[in-house]
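Worksheet for the structure shown next.
Whatever order the structure lists ligands and atoms in, that order sets their numbers, starting from 1.
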Amino acid sequence: MTPHQATSYPDFGLTPDERRFAVRGHYYETPGMDGGRGEIWCYSDRFSYRPGDVVRLQVSATASSFSIRIERDGARLTKVFERHGLKCHWQDTPDQCSVEGCGWETSFELTVGADWPSGAYRMTLTAAGRGGAEIACQHLIIVASQPGGRPGRVLQVAATGTWLAYNTWGGSNAYQGITGHGRDQYARMVSTQRPWCRGFVTLPADAPRVPVEISVPPRTVPRYPHMEWALATGHSKKYASAGWASYDGHFFRWAERAGYAIDLASQHELHFSPEILAGYDCVVFVGHDEYWTWEMRDAVDRYVEQGGHAARFAGNFMWQTRLEDEGRRQVCYKYRARAEDPVYQTGDVTRATNSWEAPEIGRPGALTFGLNATRGVYAGWGGCAPRGARGFPVYRPEHWAFAGTGIYYGDLLGADGHVFGYEVDGLDYEIRGGLPHATADSGAPDGLQILALGLASQVEESADIPLEDQFLSDEDGRFTAETLFGEASDENLERVKRGNGMIVNFGRGRGEVFHVGSCEWVAGLLQRDAMVEKVTANVLERFLRA
Ligand SMILES: [Fe+2]
């Protein structure tokens, strides 16, 4: 924390009522929202493609023609395609498009060039608005590489399951929605067949991240600058929770600029084509990475067993999802899984779309990545450790990951970049002789070392925060209490509410896992925090060499 840090929240010109709506209200992208100005929207038939594949773009616009520019978003922004005068028209959108998909007809097809390097490709569509001013939208596709040997290259798997769960376009996501009789329920199924919400592809540099950057005075009612900014500027309420712009893109660009040869894939490929991992010495996962399928975990577990190296610089390994309709629909009943997910009655309950730590699933996240979501959770926002660690308190500075950083026992790693938050993953632990050890019943893999450890909370501390001002409250804590121990009692809440976030390392089979269990690690790369860059480089270099 800098000595001159502000002690009041930034202000984006909203009234108190608007500020409340920004946090409590439900606002989202929907056709017709821009009224007289007109609109253009676009989605593609898939999230990712390989060279030679045909990309089908579905466009709906108030204009009759549009232009498209496609740029690869890597170390440099490189234009690869541009076309003008393409035909489009306004297409009807079903009310429940977030769940069912938009169902628009294809407006334009293009073939991914054989010479397009793997990466993220930003599409910008522009057209004439009704009043003459330009209207625009953005879309993003991933170009993966062809399977085969890729020695010396890193594969980053984008957290597209989480992007999809948070996508606000059309009114429903895995958090809020317009489903159910009262049109007030979150979506238990979300479709890939809809545009990305505003702020998932690009963001201005001054868009706030979730962790609060002020020194919070005592007994302060929490505010949420990212949601206030979203409402004030017309961005998605969830822009800071998921997406290429807030998370995955920062890592990819940093890695290319630092000289690493890096490819990109989507989680859909991990699910449907697990063989994509085989040729890589190092696979990375980044950012807010909350939704996984059983098959994706199988792919990573097998890869590591057989000698692969997985580095996860990401937090919140929370929910099991199922993919249906050839991957176009992602299912996650979440809090209602035990009541409503049909696998509890008629199917294989290990595939329940519940927390990975639900005992009936029998596959806690720690079995793959060493840490669990419900032992971690919130840090640095709301009433959850708002004056907390900011960086990772380091316990084992002699570990290879810290070589050349100059970091010592008790130092904070990444505090300048505020890498600790806003959701972290942890384990039950005990301190012996000043060093943390995973407890015997923590579920930690054999040989796991805890390198760094900071505190988090699953429950908003409520003594100074009136109920109507609590955003996080104890809802998640009660859910975890019930999921793990059968009942959402005060006693069980007490057992789950104190969390932590860790950096851990362990070997499995012939391979190895390194895991920084925090969403915000990329914020340290973005800030060019030297210690965060060095640790990241140490991990990539060891894994590429091994
Ligand atoms: Fe999350």
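Pairs engaging residues 221-230 under the salt bridge (charged side-chain N to carboxylate O under 4.0 Å, His left out) rule: Asp11-Arg223, Arg223-Glu228 [sequence neighbours left out].
Qualifying side-chain contact (heavy atoms from CB on, under 4.5 Å) partners for Glu475, counting only residues two or more places apart in sequence or in other chains: Ser473. Tyr186 is linked by a ring-ring contact (aromatic ring centres under 6.0 Å, His included) to nothing, counting only residues two or more places apart in sequence or in another chain.
For the pair Arg338 and Tyr333, the NZ or CZ position fails the cation-pi test of under 6.0 Å to the six-membered ring centre and within 45 degrees of the ring normal.
Protein nitrogen, oxygen and sulfur atoms, that is N, O or S, within less than 2.8 Å of the Fe ion (ligand 1) amount to 4.
The closest side-chain donor-acceptor pair between His288 and Tyr422 falls under 3.5 angstrom. Side-chain atoms of Asp73 and Trp244 include a donor-acceptor pair closer than 3.5 Å.
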